[in-house]
Structure formats: C-alpha cells, structure tokens
Amino acid sequence: MNNDVKALADLGIEVRIKSKTDEKFPKEPLAGITSIPASGQAGGTIEVTEFTDPTKVYIPDRPDTGDMDYEYNYTLAKYKAIKAYCDNTEKDILIKYPEGDGVLYSGVCQTWKNEKSVGSDALKGTLHTVPSTSPEDKEIEEVQALIATE
C-alpha cells in the first residue's frame, strides 16, 4: 500500500497515556479506542471595529484546543484500565497516526460510560481530556523515541 493511501486509513491509530514522572509511554496503546479528537481548533475572532470603519473589522483570537474526547468500546476491563489514569493529576497524552507521526499534549483525564438504547451500537465509554498544553505535532522519529520498546 502506498503512503498516500495509508494516510487515509484509520488502521494503526494508537493512543497512549503516561504519568508526568514516567520517562516513556507504555509499549502497548490503550485498547478499544474508536475515535480520536481533532488536534486543535480554529481560533475565534475579536471585533475591533471603530466608528470610522465602513465594515466590521476583526483580528484573530488565540486558538482553542477545547476538550479533547476519545470514544472506546466499553468493557469493564477497558474502563478500569482507562479509569486508572483518571486521578485528577496531569498526564501526558500521545496520539500516534498510521504513518508514525503524532500529537503530544498534557491534560487531566476523566472517563464515563456513555448512554445506551435498545438496538443501537455497542456500549461505548468516553475518555475526556482537558488539555493544559497546546497539542504539539511530533515527527515519526520523535514519536518512536517517546514509546517504550520493552
């Protein structure tokens, strides 16, 4: 498969979490993740129109990371594994994309079981992260260096 096609696939996306004191991310990614968030959002706009301006004038505001939520297939084992990271302390979170590059940020994690109704999809859970740093793009080599090999 050529890299252009591989980049379009979701096969190989991985999510890892570690404590700030851990040197490397665990070798194994979180199990059951089915959706990942955008790695940032467009900034807002601030109106700076003056009485002499014939039209409204705006300047860009700071970008907003917003909440970064992940969805996972719920099982008690997966819920407990993810819940272990939800201790109200800041963690490092790494998203690895299929080609090996990634996004790194820090934040506090929370998790819960999602709503469910008869005949709908499989039961899901949400891993909710509140970023305390801006998501930072990482090159393939940087991502590889962040993950434990044993």
Side-chain angles (χ1 to χ4, degrees), residues 1-47 58-150:
M1 173 185 306
N2 78 35
N3 284 343
D4 291 340
V5 175
K6 186 177 179 184
L8 299 174
D10 56 11
L11 183 62
I13 294 174
E14 299 174 353
V15 177
R16 289 176 172 79
I17 300 174
K18 74 174 189 67
S19 295
K20 299 293 280 176
T21 56
D22 293 340
E23 185 178 326
K24 301 238 182 198
F25 284 92
K27 181 179 179 181
E28 296 301 320
L30 292 177
I33 300 293
T34 60
S35 72
I36 60 172
S39 62
Q41 297 176 1
T45 56
I46 299 171
E47 184 183 347
Y58 299 90
I59 59 172
D61 194 2
R62 294 178 205 121
D64 182 4
T65 58
D67 297 331
M68 294 184 68
D69 290 349
Y70 304 78
E71 205 169 61
Y72 60 93
N73 288 318
Y74 175 86
T75 67
L76 184 56
K78 289 174 189 167
Y79 177 76
K80 285 182 176 182
I82 291 171
K83 184 86 171 161
Y85 293 106
C86 302
D87 61 3
N88 211 29
T89 63
E90 189 177 64
K91 305 291 186 213
D92 290 329
I93 298 123
L94 176 66
I95 303 170
K96 180 181 171 195
Y97 295 105
E99 291 184 288
D101 60 320
V103 170
L104 175 67
Y105 68 98
S106 297
V108 175
C109 301
Q110 300 171 339
T111 191
W112 57 78
K113 302 165 196 102
N114 293 357
E115 67 279 352
K116 178 77 174 131
S117 61
V118 174
S120 62
D121 293 336
L123 182 59
K124 302 279 187 171
T126 294
L127 168 59
H128 172 76
T129 65
V130 181
S132 54
T133 62
S134 294
E136 184 179 331
D137 289 332
K138 294 293 181 185
E139 297 294 326
I140 295 169
E141 299 78 19
E142 293 174 295
V143 171
Q144 290 171 340
L146 290 169
I147 299 172
T149 55
E150 296 179 7

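As the structure is a computational prediction, the values presented were derived from the model and not from experiment.
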(request) Quick one: do Tyr70 and Ile95 satisfy side chain to side chain contact (heavy atoms under 4.5 Å, CB included)? Show the steps, please. (result) CA-CA 11 Å; Tyr70 304 78; Ile95 303 170; 3.4 Å; yes
(message) Just checking Glu139: does its CD atom have more than 12 heavy atoms from other residues, nucleotides or ligands closer to it than 6.0 angstrom?
(response) no
(request) Taking all non-hydrogen atoms of both residues into account, name the closest pair between Arg16 and Pro29 and its distance. (result) NH2-CD, 3.6 Å
(request) Enter the distance from Glu71:CD to Ile36:CD1 here, rounded to the nearest 0.5 Å. (result) 12.5 Å
(request) Nearest 0.5 Å please: distance from the CG atom of Asp10 over to the OG atom of Ser35. (result) 11.0 Å
(request) Apply side chain to side chain contact (heavy atoms under 4.5 Å, CB included) to Tyr74 and Thr126, showing your working. (result) CA-CA 9 Å; Tyr74 175 86; Thr126 294; over 6 Å; no
(request) Search all heavy atoms of Pro37 against all heavy atoms of Asp69 and return the closest pair with its distance. (result) CD-O, 3.4 Å
(request) Look at atom CD of Glu115 and say whether more than 12 heavy atoms of other residues, nucleotides or ligands are closer to it than 6.0 Å. (result) no
(message) Quick one, Leu146 and Lys24 - any side-chain contact, counting heavy atoms below 4.5 Å?
(response) no
(request) Could you check if a side-chain atom of Thr45 sits within less than 4.5 angstrom of a side-chain atom of Asp61, using non-hydrogen atoms only? (result) no
(message) Between the side chains of Asp92 and Lys20, is the shortest nitrogen-to-carboxylate-oxygen separation below 4.0 Å, so that they form an ion pair?
(response) yes
(request) Kindly indicate whether the side chain of Pro98, heavy atoms from C-beta on, has any atom under 4.5 Å from the side chain of Ile13. (result) yes
(request) Test Leu30 against Leu127 for side chain to side chain contact (heavy atoms under 4.5 Å, CB included), laying out the working first. (result) CA-CA 11 Å; Leu30 292 177; Leu127 168 59; 4.0 Å; yes
(message) Side chains of Val103 and Asp137, heavy atoms from C-beta outward: is any pair under 4.5 Å?
(response) yes
(message) Quick test of your reading of the model: are Asp87 and Lys83 salt-bridged, counting only N-O distances below 4.0 Å?
(response) no
(request) Please name the pair of heavy atoms, one in Met68 and one in Ala38, separated by the smallest distance, quoted to 0.1 Å. (result) CE-O, 3.2 Å
(message) Taking the cut-offs as 6.0 angstrom to the six-membered ring centre and 45 degrees off its axis, would you call Lys18 and Phe25 a cation-pi pair?
(response) yes
(message) If I take atom CG from residue Asp101 and atom CD from residue Glu141, how far apart are they, to the nearest 0.5 angstrom?
(response) 10.0 Å
(request) Please report the shortest heavy-atom distance between Thr129 and Cys109, naming the atom on each side. (result) CG2-SG, 4.0 Å
(request) Compare every heavy atom of Pro26 with every heavy atom of Tyr85, then report the nearest pair and how far apart it is. (result) OH-CG, 4.2 Å
(request) Please assess Lys78 against Asn73 for the test side chain to side chain contact (heavy atoms under 4.5 Å, CB included), listing each intermediate value before the final yes or no. (result) CA-CA 8 Å; Lys78 289 174 189 167; Asn73 288 318; 4.2 Å; yes
(message) Which heavy atom of Val143 sits nearest to which heavy atom of Lys138, and what is that distance?
(response) CG2-CB, 3.7 Å
(request) Find the distance between NZ (Lys113) and OH (Tyr79) and round it off to the nearest 0.5 Å. (result) 4.0 Å
(message) Taking the cut-offs as 6.0 angstrom to the six-membered ring centre and 45 degrees off its axis, would you call Lys124 and Tyr72 a cation-pi pair?
(response) no
(message) Would you compute the distance between atom OG of Ser106 and atom CD1 of Ile17 and round it to the nearest 0.5 angstrom?
(response) 11.5 Å
